[in-house]
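The block underneath contains the structure these notes are about, expressed in structure tokens.
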Amino acid sequence: MNVFGRFRGHVVAVIERMAEDGAIPSGLDLARVAVEPPRDANHGDMTTNAAMVLAGPAAMKPNAFASLLAERLARLDDVADASVAGPGFVNLRLEDSFWHARLAETLQSGPAYGDSSVGGGEAVNVEFVSANPTGPLHVGHSRGAVVGDALAALLEKAGYDVTREYYVNDAGAQVDKLAHAAYWRYLEALGDKVSEDVIDGFVRDSDLEYRGDYLIPVGARLAERDGVKWVEAARDEWLPEVRAFVIDEMMGLIRRDLDALGIRFDVFTSERGLVAEGKVEDALRFLEARGLIYTGVLDPPKGKKPDDWEPRPQTLFRASAFGDDVDRPLRKSDGAWTYFATDIAYHLDKARRGYQTMIDVWGADHGGYVKRMQAAVKALTDGRCALDVKLCQMVGLFENGEPVAMSKRAGAFVAAADVVERVGRDAVRFIMLTRRNDAHLDFDFAKVTERSRDNPVFYVQYAHARVRSLFRHAAEVFGSGGLDADALARAAMHRLTDADEVGLIKVLAGWPRVVEGAAEAHEPHRVAYYLHALAAQFHALWNKGTDDANLRFLVEEDPELSRARLALAQGVATVVASGLRIFGVTPVEEMR
RNA sequence: GCGCCCGUAGCUCAACCGGAUAGAGCACGAGCCUUCUAAGCUUGUGGUUGCAGGUUCGAGUCCUGCCGGGCGCGCCA
């Protein structure tokens, strides 16, 4: 429970008491009563809209209601002042002692500070990356990877039971094309044992989409394992074998890329597996039994009729009954399932595994797919399960302000592993989280490693390193005893009287609310903004010591005060580390 | 043509299920190093929240219509 939730309880209790006393009508609906930080800190520490939302139903003027409420709130423990402002806000200013106690709590909780139970143990499935197993991850994938992983960690901290899942698209035509390319590399790898003519013939007769070098070692390994076994074999024979082999290899590559980013999955679900187990038929039977599948002819898209358009009867899902624009095809003309059909089966599978909330992280180019998938989930679960789709916009790569060419057509995409190697895992992860997922993100190689204030990674890390440096210094001055968090939790917090010291504690006290808000909104970027603001406040306080020696963290002749300030610094380090942990970024001990 | 996302300070972006005087950083102006890390800090200038309506005590936020940008648009994944 964050401090605002705690005070909301107090405010509600006071309002109920007012009703008992007959000061206001009883039976008011208090659901809309909120206790929040005011936008402007000058208004106080907390504000409530109670008078504004209740005045109407109570047939009172907001300001009259607010005055009554403020009068009673002022009598609460910890409340230094309660006043009415603006259209009927009641602002609370709390005693410093209240905030001092929060700092002690922070230190006692340590890394668990900010943990919340709002999730109530609810099972949430976060599916992300899910890149086709046709090659290494590129930089675009890494954004989705980081966003999904951080969102999962955030939800865990907020008390959800999270599964990180990767959906392996190993059943479509793409992996057959991949297998052909791997077979070509296999023939090449056999060298003298296969004539140039055979290879040339194969290349001529096949549509080789994947010509990247990364398949060369795959072909070599296949040749090593199976020798010439598949050279004379019919396509029907070698295709399943080579396909399985190359998918394995590609998933190995992808796992290595994910490792480099520090990302682990709990579950890999195979599309081919779903199909083989008959889950597509299951799902479609389910929809059919509800009359949601029919054979029909779709209208061409308005204003953009494809040249080869011809009306054609198709097996369709009644997506339009669940909010989609048109009904959607389930079967291709060759009889195979569409991607959508297997995706329906996959989402039904997730729902049946007990996830009431599913989150899919996709690239922005899949935006047109969101409505139909949500329609399908609605239909499959009778509206009981929610599907939230986070669309990640493109990442623009820059080198000192110059765009890095990255056209997919030219095959010049930048590998995720290369970016990690260039700037490090921590920088990649943090920067990818400094924007809302649906906003474009510019990633400049030079900037993300720059040691300056406009590099948020550096700025936040520096705050943590500064605290660690401070403790190293403190150990020299005061000895290392009594500097652990438990001991500091008992420090004389009442010595922290400067407005900026108390102000910094207030920022720390806001952390649990940030966790809850960001988790419920599925918006990990809020953590990045919070950490940046926290670092700024800390650096500001630190620097006040430059102007006024009395405000330095370490005052040699006053160990009691020093220990209180060390407690404050430790609180900052704890929260920064806590936030960075959600991001999968390692807090540093010193800047190098 | 239709759908989705976006439009906030010169630039890059925040604004917590509708809250008070819309905030940060960069850039620009003015200060701060015999002092715990100045790789930094303080402070100032800067806004018709794309436009026009609507909803209400209150709108950047919700609704409608325009304008501009991005993505997508029957069997690809």
Side-chain angles (χ1 to χ4, degrees), chain A residues 4 34 36-40 42-43 47 49 52-53 55-56 61-62 85-89 91 131-132 134 169 171-175 271 297-306 309-312 314 316 324-340 343 363-371 391 393-394 434-436 438-442 450-456 458-459 462 465-466 469-470 472-474 476-477 510 513-514 516-518 520-521 523 525-526 528-530 532-533 536 539-547 549 552-556 590-591:
Chain A
F4 299 94
E36 300 175 314
R39 279 220 173 146
D40 185 341
N42 291 325
H43 292 135
T47 187
N49 62 353
M52 288 180 290
V53 298
K61 287 185 174 167
F89 289 102
N91 294 328
N132 291 342
T134 51
N169 294 121
Q174 292 304 311
V175 287
E271 179 188 6
V297 179
L298 289 175
D299 293 330
K302 292 187 179 71
K304 196 223 167 207
K305 188 167 176 174
W309 180 274
E310 49 185 83
R312 170 184 320 129
Q314 289 176 292
L316 300 170
D324 200 1
D325 307 315
V326 293
D327 296 337
R328 303 291 181 178
L330 299 169
R331 217 185 255 283
K332 303 188 217 171
S333 50
D334 67 358
W337 302 120
T338 59
Y339 182 80
F340 182 47
D343 237 358
D365 53 340
H366 290 63
Y369 205 73
V370 175
K371 273 193 187 178
L391 293 178
Q393 274 294 347
M394 308 267 132
T434 53
R435 292 280 178 271
R436 301 170 42 149
D438 51 11
H440 276 275
L441 173 76
D442 285 342
E450 189 176 285
R451 308 178 142 215
S452 78
R453 162 156 209 168
D454 54 324
N455 177 3
F458 173 82
Y459 193 66
Y462 187 37
R466 233 175 190 172
S469 159
L470 181 63
R472 287 191 292 272
H473 198 83
E476 285 170 25
V477 177
R513 188 169 189 274
V514 171
E516 291 174 0
E520 289 183 322
E523 291 185 349
H525 76 275
R526 290 191 198 176
Y529 278 91
Y530 170 81
H532 194 269
H539 289 312
L541 179 59
W542 178 283
N543 235 60
K544 275 183 93 175
T546 326
D547 298 332
R552 295 197 189 174
F553 279 83
L554 299 184
V555 183
E556 272 190 56
E590 54 186 328
M591 305 307 293

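To find a chain, count down the sequence lines: A is the first, B the second, and so on, and within it residues start at 1.
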Margin query: Between A:Arg435 and A:Gln393, does the side chain to side chain contact (heavy atoms under 4.5 Å, CB included) criterion hold? Intermediate values first, please.
Written below: CA-CA 10 Å; A:Arg435 292 280 178 271; A:Gln393 274 294 347; over 6 Å; no
Check: What's the closest nucleotide to the A:Glu590 side chain, out of B:rC13, B:rU37, B:rC76?
Finding: B:rU37
Note to self: Between A:Pro329 and A:Tyr369, which residue's closest nucleotide on RNA chain B lies nearer the 5′ terminus?
What the structure shows: A:Pro329
Margin query: Once you apply a heavy-atom cut-off of 4.0 Å, does A:Glu476 come out as touching a base, just sugar-phosphate, or nothing?
Written below: nothing
Note to self: Heavy atoms only, 4.0 Å cut-off, all strands: where does A:Thr434 land among base, sugar-phosphate and nothing?
What the structure shows: nothing
Item checked: Atom-pair distance (CG on A:Leu541; P on B:rG40), nearest Å -> 18 Å
Next item on the list: Give A:Ala85 one of three labels, base, sugar-phosphate or nothing, depending on what nucleic acid heavy atoms sit under 4.0 Å from its own.
Entry: base
Note to self: Applying a 4.0 Å non-hydrogen cut-off, can you work out what A:Arg466 is touching in the nucleic acid: base, sugar-phosphate, or nothing?
What the structure shows: sugar-phosphate
Check: Within the pair A:His525 and B:rA15, is there a side-chain N or O less than 4.0 Å away from OP1 or OP2?
Finding: yes
Contacts under 3.5 Å, N or O only, protein and nucleotides 60-70 of chain B:
from   : atom 1 : to      : atom 2 : distance (Å)
B:rG60 : O6     : A:Arg39 : NH2    : 2.8

Margin query: For a quick test of reading the model: is some side-chain N or O of A:Lys371 closer than 4.0 Å to OP1 or OP2 of B:rC2?
Written below: no
Note to self: Is the ring pair A:Phe458/A:Tyr462 parallel, tilted or perpendicular, if the boundaries are 30 and 60 degrees?
What the structure shows: parallel
Next item on the list: Using a 4.0 Å heavy-atom cut-off across all strands, classify A:Asp327 as base, sugar-phosphate, or nothing.
Entry: nothing
Next item on the list: Select base, sugar-phosphate, or nothing to describe what A:Arg328 touches, counting heavy atoms under 4.0 Å on all strands.
Entry: nothing
Notebook entry, point to check: What distance, rounded to whole Å, do you find between the two P atoms, one in B:rC13 and one in B:rA30?
Noted result: 29 Å
Next item on the list: Take atom CG of A:Asp438 and atom P of B:rC71, then tell me their distance rounded to the nearest Å.
Entry: 15 Å
Check: Given B:rC76, B:rC36, B:rA20, which nucleotide is nearest the side-chain atoms of A:His473?
Finding: B:rC36
Notebook entry, point to check: A:Phe458 side chain: which of B:rG1, B:rG40, B:rA14 is closest?
Noted result: B:rG40
Next item on the list: Take A:Lys544 and A:Val297, find for each the nucleotide of RNA chain B with the closest heavy atom, and name the residue whose nucleotide sits nearer the 5' end.
Entry: A:Lys544
Margin query: Is the base of B:rA20 stacked against the aromatic ring of A:Phe89, taking ring centres under 5.5 Å apart and planes under 30° as the test?
Written below: yes
Next item on the list: Answer with base, sugar-phosphate or nothing: what part of the nucleic acid does A:His366 contact at a heavy-atom distance below 4.0 Å?
Entry: base
Next item on the list: On the 0 to 90° scale, with breaks at 30° and 60°, tag the A:Phe340-A:Tyr369 ring pair as parallel, tilted or perpendicular.
Entry: perpendicular
Notebook entry, point to check: For A:His43 and B:rA20, are the ring centres under 5.5 Å apart with planes inclined under 30°?
Noted result: yes
Margin query: Heavy atoms only, 4.0 Å cut-off, all strands: where does A:Arg331 land among base, sugar-phosphate and nothing?
Written below: nothing
Item checked: Any side-chain heavy-atom pair of A:Tyr529 and A:Val514 under 4.5 Å -> no
Margin query: Please give the distance between the C1' atoms of B:rA27 and B:rU37 as a whole number of Å.
Written below: 26 Å
Next item on the list: Identify whether any heavy atom of A:Ala173 sits under 4.0 Å from a base atom; if not, whether one sits that close to sugar-phosphate; answer base, sugar-phosphate or nothing.
Entry: sugar-phosphate
Next item on the list: Pick the P atom in B:rG50 and in B:rA14, then give their distance to the nearest Å.
Entry: 14 Å
Check: Are the side chains of A:Arg466 and A:Trp542 in touch, meaning some heavy atoms are under 4.5 Å apart?
Finding: yes
Check: Base, sugar-phosphate, or nothing: which does A:Pro37 touch, judged by heavy atoms less than 4.0 Å apart?
Finding: base
Next item on the list: Let me know the distance between NE2 of A:His532 and P of B:rC16, rounded to the nearest Å.
Entry: 19 Å
Note to self: How many whole angstroms separate atom CG of A:Leu316 from atom P of B:rG74?
What the structure shows: 13 Å
Next item on the list: For B:rA38, take OP1 and OP2 only and decide whether either is under 4.0 Å from a side-chain N or O of A:Trp542.
Entry: yes
Check: Can you name the closest pair of heavy atoms from A:Ala528 and A:Thr434 and give their distance?
Finding: CB-CA, 4.2 Å
Next item on the list: With side chain to side chain contact (heavy atoms under 4.5 Å, CB included) as the test, would you mind laying out the steps for A:Val326 and A:Arg328 before giving the verdict?
Entry: CA-CA 6 Å; A:Val326 293; A:Arg328 303 291 181 178; 3.5 Å; yes
Notebook entry, point to check: What's the closest nucleotide to the A:Met52 side chain, out of B:rG19, B:rG74, B:rU35?
Noted result: B:rG19
Item checked: From B:rA77, B:rC36, B:rA15, nucleotide with atom closest to A:Tyr339 side chain -> B:rA77
Next item on the list: Looking at every strand, decide which applies to A:Pro87 at a 4.0 Å heavy-atom threshold: base, sugar-phosphate, or nothing.
Entry: base
Next item on the list: Look at the side chain of A:Arg526 and decide which nucleotide, out of B:rC16, B:rG19, B:rU42, has an atom nearest to it.
Entry: B:rC16
Next item on the list: Would you please confirm or rule out a distance under 4.0 Å between OP1 or OP2 of B:rU37 and any side-chain N or O of A:Ser469?
Entry: yes
Next item on the list: Kindly point out which of B:rC75, B:rA24, B:rC36 is positioned nearest to the side chain of A:Leu554?
Entry: B:rC36
Notebook entry, point to check: Any idea which of B:rU12, B:rG40, B:rG19 is nearest the A:Tyr462 side chain?
Noted result: B:rG40
Check: Which of these nucleotides, B:rC41, B:rG72, B:rC36, is closest to any side-chain atom of A:Phe553?
Finding: B:rC36
Checklist line | Of the listed nucleotides B:rA77, B:rC4, B:rG74, the one nearest the side chain of A:Gln174 | finding: B:rA77
Notebook entry, point to check: Between A:Tyr459 and A:His539, which heavy-atom pair has the shortest distance, and what is it?
Noted result: O-NE2, 3.3 Å
Checklist line | Nearest-angstrom distance from the residue atom CZ of A:Phe340 to C1' of B:rG74 | finding: 13 Å
Notebook entry, point to check: Hey, is A:Asp334 close enough to A:Lys332 for a salt bridge, meaning N to O under 4.0 Å?
Noted result: no
Margin query: From CG of A:Leu298 over to C1' of B:rG74, roughly how many Å is that when rounded to an integer?
Written below: 5 Å
Item checked: Any A:Leu554 side-chain heavy atom under 4.5 Å of A:His473 side chain -> yes
